[in-house]
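Have a look at the structure below before the remarks.
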Amino acid sequence: MPCPYSLIIKDHIVLTIDKLYISFSRYEHGLHRQQVTGLNGVSFFVRPKTINLVTGASGAGKSLLLAAILGLLPANSTCQGHIFFNGKEYRNPAPLRGKEIALIPQSAEGLDPLQRVGKQVRRAARLAGLSRKEASEQTEAVFARYGLGSDVLRLYPFQLSGGMATRVLLACATVGRAQLLLADEPTTGLDEENCEQVFAHLRQLADEGRAVLLISHDISGALPFADDVTILKDGALVETMSAADFRQGICAESYSQALYLALPQNGFILEEEQAHA
Amino acid sequence: MLEASQLSFSYNGGKPLFTNMNLTIQLGEVIGLIAPSGSGKTTLAKILSGHLPAQGGEIRLNRNPIPRRTFHPVQLINQHPEQGFNPRWPLERSLAESFQPNESLLAQLGIKTSWLNRYPHELSGGELQRFAIARALNPQTAFLIADEITAMLDAISQAQIWQVLLSMVEERKLGMLVISHNPQLLTHICTRKVSMHELAC
């Protein structure tokens with residue numbers, strides 16, 4: 001259960017998000033400016049060695065959250081609130097990006113289509129601060145680790161299957177020493193076997209000491225591997241709970257309960273209010 | 001009845017993705033198709049819905065060839081809705097290209113009327129997918145091919161969309177082929193399941 005945030009902003013918590021508000025100004029009908037709220041006071045945290053599964057309806061602001069953590073919000077947005085990394089609040093995420101915090105994007109579109117993947121992973125390693133020699137060694141090591149043969153180093157992204165592309169993206173994110181991994185829907189479009197493999201890889205990374213913020217709609221696939229579950233709805237936090245509780249359908253909020261019941265294996269049930277929401 | 005017989009396909013004359021593919025879908029039937037990534041499910045979906053020409057074999061609708069230069073009775077709902085809309089058209093116009101859906105259909109699909117004059121990039125993937133489904137539910141549609149249509153949706157929207165689709169299928173006696181990686185979903189919504197492997201023997 002979430003405890004008061006003043007207590008948990010300690011250095012052993014890798015990432016703490018404290019009352020994050022994001023809004024956009026949008027032009028409508030010419031010069032009429034309108035404020036649209038993206039995130040409305042969201043607070044949660046990611047502990048080391050754990051996977052925090054962040055889920056919720058599309059449009060709940062999951063991708064915005066990632067953009068805010070990485071400092072990649074568009075120019076027309078305003079962001080309030082605090083983000084702490086290892087107990088320190090940061091205003092400028094640029095020095096952390098790619099070094100301490102790494103992103104695993106959604107699909108092969110996160111790769112440069114015109115560059116061989118080996119080169120891209122080496123470049124990610126260099127940008128993460130590894131020496132040239134280390135970068136080459138680590139690149140080969142992560143490729144071996146994710147079951148990508150040395151011939152894959154020379155392929156271009158379009159020659160990869162979806163599962164391989166995801167593993168290359170995993171390689172990019174983990175080739176350095178990043179402590180916090182942000183995974184944005186890493187299994188969209190993958191078959192069951194590949195999904196499970198990706199989640200298992202994330203689990204392994206968490207067990208080795210990294211912290212993982214996993215954004216996914218695939219609740220049934222991700223849940224067995226997660227430690228915490230954070231549920232967002234319409235830009236606001238619904239609740240944070242342990243994955244063990246959610247697996248048994250123990251939720252405090254009716255929305256989380258509805259989400260649980262709507263899973264095909266739990267009956268595919270729609271409550272009336274949800275059906276016409 | 002939609003009947004595909006002896007279909008084969010290869011990209012750029014390379015190794016055939018499949019040969020001798022046979023599939024029959026009856027009206028009112030919901031068939032789940034399972035197969036690993038890269039086995040040609042999406043390609044099959046495109047061929048059945050006329051987005052790609054079959055290189056061998058043929059597709060017949062009620063024992064007749066599929067009519068050309070008119071509304072295609074087999075409609076594909078794509079995995080990536082953002083690729084299926086003209087980015088420079090408001091969604092209302094994209095919908096009108098197919099037909100004018102009534103308000104109750106839009107409401108059932110969870111489409112808010114305020115979205116109608118938005119452009120595709122102003123909606124999330126899940127919101128856009130609802131438009132793709134609305135557009136495919138043209139009165140002349142006889143068969144629907146759903147290629148991973150709820151993979152990007154949360155569980156509640158997924159249940160919501162399938163509930164509407166299944167009620168439409170029942171109401172209008174449509175036939176449907178559902179492609180999904182989620183076996184639990186297929187078990188729940190399909191009248192029968194087939195694997196790519198079984199079809200191509």
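By convention in this document, chain letters (A, B, ...) are assigned in the order of the sequence lines, proteins followed by strands, and residues within each chain are numbered from 1. Note: hydrogens, waters and symmetry copies are ignored here, and every other heavy atom, side chains too, is used.
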Quiz item: Would you find more than 12 non-hydrogen atoms of other residues, nucleotides or ligands less than 6.0 Å from A/Gln35 atom CD?
Solution: yes
Self-check item: Closest-packed option against chain B by number of heavy-atom pairs under 4.5 Å, given A/Thr55, A/Leu190, A/Asn194
Solution: A/Leu190
Quiz item: What option among A/Gly221, A/Ala262, A/Ser216, A/Gly162 has the most heavy-atom pairs under 4.5 Å with chain B?
Solution: A/Ala262
Self-check item: Gap between atom CG of B/Asp154 and atom CD1 of A/Ile219 - 0.5 Å precision
Solution: 7.5 Å
Quiz prompt | chain B contact via A/Glu192 - side chain, backbone, both or neither, heavy atoms under 4.5 Å | solution = both
Quiz item: Is it the case that more than 12 heavy atoms not belonging to A/Glu193 sit under 6.0 Å from its CD atom?
Solution: no
Quiz prompt | Structural part of B/Gln129 lying under 4.5 Å from a heavy atom of chain A | solution = neither
Practice problem: Quick one: closest heavy-atom pair of B/His188 and A/Gly267, and the distance? | Solution: NE2-O, 3.5 Å
Self-check item: Over 12 non-hydrogen atoms of neighbours within 6.0 angstrom of CD in A/Gln265
Solution: yes
Self-check item: B/Asn182 to A/Pro264 - nearest heavy-atom pair and separation
Solution: ND2-CG, 4.4 Å
Quiz prompt | Flag if over 12 foreign heavy atoms under 6.0 Å of CD, A/Glu196 | solution = no
Self-check item: Residue B/Gln79 versus chain A: region with a heavy atom under 4.5 Å
Solution: side chain
Quiz item: Are more than 12 heavy atoms from other residues, nucleotides or ligands located less than 6.0 Å from atom CZ of B/Arg60?
Solution: yes
Quiz item: Quick one: what part of B/Leu123 sits under 4.5 Å from any heavy atom of chain A, side chain, backbone, both or neither?
Solution: neither
Quiz item: Which atoms of A/Ser63 come close to chain B, meaning under 4.5 Å heavy atom to heavy atom: side chain ones, backbone ones, both, or neither?
Solution: neither
Self-check item: Top contributor to chain A interface from B/Pro36, B/Ala35, B/Ala151 [non-hydrogen pairs under 4.5 Å]
Solution: B/Pro36
Quiz item: Roughly how far, to the nearest 0.5 Å, is CG of B/Leu185 from CG of A/Leu263?
Solution: 10.5 Å
Practice problem: Kindly determine whether A/Cys195 and B/His181 satisfy side-chain contact (heavy atoms from CB on, under 4.5 Å), including the steps that lead there. | Solution: CA-CA 9 Å; A/Cys195 284; B/His181 285 315; 6.0 Å; no
Quiz item: What are the two closest heavy atoms between A/Leu259 and B/Ala155, and how far apart are they?
Solution: O-CB, 3.8 Å
Practice problem: Given side-chain contact (heavy atoms from CB on, under 4.5 Å), test B/Gln158 with A/Phe268 step by step and report yes or no. | Solution: CA-CA 9 Å; B/Gln158 170 170 284; A/Phe268 219 40; 4.2 Å; yes
